[in-house]
Amino acid sequence: MPVRKPATQPRHQYDPMHTALLEQIFRATGSQKQTFPREFSVLAERIEDDFRASEDMLEALGCASVTTHREQHARVLGNLHWAISALESGNAIPAAHALRDLGLWLPHHLMLVDAELAQAAECRLPLARCH
């Protein structure tokens with residue numbers, strides 16, 4: 001009897017900025033001990049840029065949830081900056097926890113933001129075709 005491959009689940013298609021952000025998460029996660037602090041810092045910068053861009057779009061489109069998103073972003077960025085500070089002191093544990101938390105939270109958050117932006121801009125997902 002042939003072995004059946006499990007059905008693959010549909011994957012959300014991210015716009016180029018979000019794709020670059022997720023790729024940086026993978027780079028940081030897979031980096032060696034000597035390059036991890038730099039990769040993690042680059043990740044924090046990319047996340048800040050991504051958050052700023054999504055907040056600007058939410059605000060420009062008049063989305064009511066912009067305040068909630070800013071609050072969530074501020075908490076995430078606070079954790080990332082704290083983790084960077086710990087890394088500079090030789091403690092990688094907060095950064096490892098931050099990566100784990102990002103891996104759980106960020107994909108879901110990006111899909112919610114993309115869906116809200118698409119609805120507000122009256123376009124279809126993926127947003128890469130709309131902005």
Side-chain angles (χ1 to χ4, degrees):
M1 177 176 242
V3 177
R4 292 176 57 194
K5 291 183 180 179
T8 57
Q9 300 227 343
R11 295 174 58 185
H12 181 75
Q13 294 180 341
Y14 296 105
D15 64 57
M17 188 172 192
H18 290 154
T19 299
L21 176 62
L22 293 172
E23 288 172 355
Q24 185 61 38
I25 290 172
F26 295 132
R27 267 194 298 283
T29 302
S31 63
Q32 300 296 318
K33 185 178 180 178
Q34 64 271 20
T35 60
F36 179 72
R38 175 69 187 137
E39 294 295 343
F40 190 83
S41 293
V42 169
L43 172 61
E45 291 170 16
R46 287 234 168 114
I47 288 174
E48 246 179 294
D49 291 345
D50 187 85
F51 284 179
R52 189 175 305 110
S54 67
E55 289 169 8
D56 289 348
M57 284 188 279
L58 287 166
E59 189 169 30
L61 292 168
C63 295
S65 67
V66 68
T67 301
T68 303
H69 286 291
R70 281 192 178 122
E71 290 168 358
Q72 289 179 14
H73 295 169
R75 281 193 292 275
V76 169
L77 292 173
N79 286 338
L80 291 175
H81 290 286
W82 177 69
I84 289 170
S85 179
L87 272 174
E88 291 170 351
S89 300
N91 181 2
I93 293 172
H97 289 177
L99 281 174
R100 180 200 62 216
D101 294 345
L102 277 173
L104 297 172
W105 174 81
L106 192 59
H108 176 71
H109 180 75
L110 293 178
M111 283 190 287
L112 289 175
V113 170
D114 278 358
E116 187 170 3
L117 288 170
Q119 182 180 15
E122 297 178 351
C123 61
R124 288 186 256 193
L125 290 175
L127 285 179
R129 296 183 188 137
C130 302
H131 60 74

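All values derive from a computational prediction rather than experimental measurement.
- For Ile93, the CD1 atom sits in a loose shell: 12 or fewer heavy atoms of surrounding residues, nucleotides or ligands are nearer than 6.0 Å.
- Leu112 is linked by a side-chain contact (heavy atoms from CB on, under 4.5 Å) to His108, counting only residues two or more places apart in sequence or in another chain.
- The list of salt bridge (charged side-chain N to carboxylate O under 4.0 Å, His left out) pairs with a residue in residues 77-93, not counting sequence neighbours, is empty.
- Here the straight-line distance linking atom CG of Leu99 with atom CG of Leu106 works out to 11.0 Å at 0.5 Å rounding.
- Every residue was checked against the side chain to side chain donor-acceptor pair (under 3.5 Å) condition with His97, not counting sequence neighbours, and none meets it.
- Residues passing the side-chain contact (heavy atoms from CB on, under 4.5 Å) test with Trp105 are Phe51, Gln72, His73, Val76, Leu102, His109, sequence neighbours excluded.
- With sequence neighbours excluded, the residues forming a side-chain contact (heavy atoms from CB on, under 4.5 Å) with Ala86 are Asn91, Pro94, listed by chain and number.
- We find the CD1-CG distance between Ile47 and Leu80 to be 5.0 Å, quoted to the nearest 0.5 Å.
- Residues passing the side chain to side chain donor-acceptor pair (under 3.5 Å) test with Arg100: none are found, sequence neighbours excluded.
- Evaluation of the side chain to side chain donor-acceptor pair (under 3.5 Å) rule for Ser65 yields His69, Glu116 as partners, not counting sequence neighbours.
- With salt bridges taken as basic N to acidic carboxylate O contacts below 4.0 Å, none links Arg46 and Asp49.
- Among residue pairs with one or both ends in residues 54-69, those qualifying as salt bridge (charged side-chain N to carboxylate O under 4.0 Å, His left out) are Glu55-Arg70, Glu59-Arg70; sequence neighbours excluded.
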Show every donor-acceptor pair shorter than 3.5 Å between a side-chain atom in residues 32-44 and any protein atom, with sequence neighbours excluded, or say none if there are none.
| from | atom 1 | to | atom 2 | distance (Å) |
| --- | --- | --- | --- | --- |
| Thr35 | OG1 | Gln32 | N | 3.3 |
| Thr35 | OG1 | Gln32 | O | 3.2 |
| Glu39 | OE1 | Gln24 | NE2 | 2.7 |
| Ser41 | OG | Pro37 | O | 3.1 |

